[in-house]
Amino acid sequence: MSVKLNDHYLSSFIKPHEYERIAPEVRMADTMLREKSGPGSDFLGWVHLPETYDREEFARIQAAAARIRKSCDVLVVIGIGGSYLGARAVIEYLKSPNYNQLPGNSPRIYFAGNCISSDALCELLTLCEGKDVCVNVISKSGTTTEPAIAFRVFRGLLEEKYGKEGARERIFVTTDRAKGTLKQFSTEAGYETFVVPDDVGGRFSVLSAVGLLPIAAAGIDICELMAGAAQASRTYGTADLAQNDCYRYAAIRNLLYRKGRNIEILASYEPFSAMFNEWWKQLYGESEGKDGKGIYPASVIFSTDLHSLGQFIQDGSRTMFETVVDIADTGASFTIPADPDNIDGLNFLSGMELDRVKKTAMQGTILAHVDGGVPNILIEVSRRDAFVLGELLYFFELSCAISGYVLSVNPFDQPGVESYKKNMFALLGKPGYESLRGDLEARLRK
């Protein structure tokens with residue numbers, strides 16, 4: 001495997017007998033997952049998705065992506081939460097956070113419908129002026145407020161610019177297979193549609209059409225991405241902690257949680273991982289944060305954040321642990337030049353690869369944080385490519401499910417997400433929510 005767990009830095013925090021003690025819980029979690037006997041078992045389609053995905057739809061995704069790349073200057077991807085985070089994470093991880101600015105990248109890919117901001121929407125409309133635009137709207141229902149508003153706006157823009165017939169060729173919809181407002185509207189309008197699988201929740205959907213169409217439109221080899229995930233699904237088939245790094249990670253998280261470590265910081269040393277970290281935060285936060293339980297997921301990009309959060313991690317409250325993702329080969333190299341005057345006193349680095357400095361900074365930071373009482377888990381990733389990223393995505397998805405079951409929560413529901421929506425609809429006067437409005441307004445006046 002190209003993704004490996006290194007627990008060398010945990011020896012002073014977790015003893016061998018503790019792994020033995022939690023092993024039966026992990027085996028039980030594995031049984032619940034494999035036999036679909038645990039809570040949320042209706043949402044386990046992602047487990048075998050890398051090997052059992054719909055080949056016909058996959059081919060249509062590739063064909064649609066090719067048409068988008070040929071006919072569009074800009075692709076606007078409309079979705080919120082798991083409907084956009086996975087795709088954006090993969091694009092920025094494999095291409096660049098500066099994808100839209102770098103030469104040779106076409107179409108430009110912008111994400112909309114993931115916030116409620118006049119500034120953001122107006123800026124994006126400005127960026128689309130004078131450009132040929134395509135839209136991929138991703139929503140199971142089509143009625144979620146943020147993406148529904150964005151789709152209304154961009155559908156209008158395309159129909160005004162190209163007419164309804166022309167817009168039809170530029171709108172791609174990823175939604176429910178057979179039901180829902182968006183599916184019905186798309187069928188009537190004649191848009192090409194792709195499926196949000198019934199048995200795959202949003203935060204586990206990056207390897208479905210939800211993520212794959214925007215990823216393919218960015219020129220990424222989705223065959224390799226799926227092959228890497230399939231390799232991981234075959235490898236992580238044993239419940240033996242000594243042989244399954246994925247399950248061992250889930251066990252470590254729960255052991256540390258039981259010791260009062262209820263904050264996990266995902267640390268990367270590459271800026272291109274920032275959106276991947278955001279995807280990871282939704283995956284674990286929405287899966288485990290319920291029933292008064294859960295490890296709070298946070299993230300940092302080092303060494304940048306060592307100059308803002310480093311002090312707190314080193315010397316602050318001892319409630320956290322770190323999971324460090326170390327990518328051995330990013331595909332880029334840079335040699336530090338010499339300065340004849342040695343103004344900065346750094347000529348001892350002259351001729352050295354910048355990656356060596358980064359690696360040393362990581363090693364020094366891990367040692368310092370461990371000495372400061374912060375447990376560190378190291379996830380070693382061999383290289384930056386689609387195959388290995390597929391492995392890494394599946395590693396975190398599977399470990400999240402096992403970790404949630406060990407925590408005794410349903411990792412596949414999100415009941416708390418609906419609370420703010422109910423209040424917002426009532427305050428905005430949406431039909432059907434009138435009975436709540438008076439009480440909410442009274443509470444706001446107090």
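Nothing here was measured: the structure is a model prediction, and the numbers come from that model.
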Asker: May I ask you to decide whether K140 forms a salt bridge with D176, counting only side-chain N to carboxylate O separations under 4.0 Å?
Answerer: yes
Asker: State, to 0.1 Å, how close S71 and R170 come at their nearest heavy-atom pair, and which atoms those are.
Answerer: O-NH1, 3.4 Å
Asker: Quick one: does any side-chain atom of Y433 pair with a main-chain N or O of L428 as donor and acceptor, under 3.5 Å?
Answerer: no
Asker: Can a cation-pi geometry be assigned to R55 and F58, taking NZ or CZ under 6.0 Å from the six-membered ring centre and within 45° of the ring axis?
Answerer: no
Asker: Suppose we call two aromatic rings close when their centres sit under 6.0 Å apart. Are F204 and F412 close by that rule?
Answerer: yes
Asker: Hey, is the main chain of Q231 close enough, under 3.5 Å, to the side chain of Y236 for a donor-acceptor pair?
Answerer: no
Asker: Considering the options H48, E51, E391, which one meets the side chain to side chain donor-acceptor pair (under 3.5 Å) requirement together with S233?
Answerer: E51
Asker: Which heavy-atom pair separates I109 from A217 by the least distance, and what is that distance?
Answerer: CD1-C, 4.3 Å
Asker: Cation over ring, R384 on F272, under 6.0 Å and within 45°?
Answerer: yes
Asker: Give a yes or no on whether a salt bridge exists between R67 and E192, defined as a side-chain N under 4.0 angstrom from a carboxylate O.
Answerer: yes
Asker: Looking only at non-hydrogen atoms, find the nearest pair between V47 and P50 and report the distance.
Answerer: O-CD, 3.9 Å
Asker: Do NZ/NE/NH1/NH2 and the carboxylate oxygens of K281 and E278 come within less than 4.0 Å?
Answerer: yes
Asker: Both conditions, 6.0 Å and 45 degrees, for the charged tip of R168 above the ring of Y191: are they met here?
Answerer: no
Asker: Using the benzene-type ring in the case of Trp, are the ring centres of F396 and Y249 under 6.0 Å apart?
Answerer: yes
Asker: Between D305 (side chain only) and I301 (backbone N and O only), is there a donor and an acceptor less than 3.5 Å apart?
Answerer: yes
Asker: For a quick test of reading the model, state the closest non-hydrogen atom pair linking L207 to A229 and the distance between them.
Answerer: CD1-CB, 3.5 Å
Asker: Please assess D291 against K293 for the test salt bridge (charged side-chain N to carboxylate O under 4.0 Å, His left out), listing each intermediate value before the final yes or no.
Answerer: CA-CA 5 Å; D291 301 337; K293 303 175 183 178; 5.5 Å; no
Asker: Before giving the answer on side chain to side chain contact (heavy atoms under 4.5 Å, CB included), spell out for Y284 and R203 the whole-Å C-alpha distance, their side-chain angles and the decisive distance to 0.1 Å.
Answerer: CA-CA 9 Å; Y284 281 85; R203 58 189 176 275; over 6 Å; no
Asker: Under 4.5 Å between any side-chain heavy atoms of L158 and V135, yes or no?
Answerer: yes
Asker: Under a 4.0 Å threshold between the charged nitrogen and the carboxylate oxygen, would K290 count as salt-bridged to D413?
Answerer: yes
Asker: Quick check: does any side chain N or O of S268 sit under 3.5 Å from a backbone N or O of E270, one acting as donor and the other as acceptor?
Answerer: yes
Asker: Would the distance check show the side chain of T175 and the main-chain N or O of S139 forming a donor-acceptor pair, the cut-off being under 3.5 Å?
Answerer: yes
Asker: Indicate yes or no: does D355 engage K358 in a salt bridge with an N to O separation below 4.0 Å.
Answerer: yes
Asker: I need the minimum non-hydrogen distance between G38 and Y405, along with the two atoms involved.
Answerer: C-OH, 3.6 Å
Asker: Which atom pair, heavy atoms only, marks the closest approach of V3 to D245?
Answerer: O-OD2, 4.4 Å
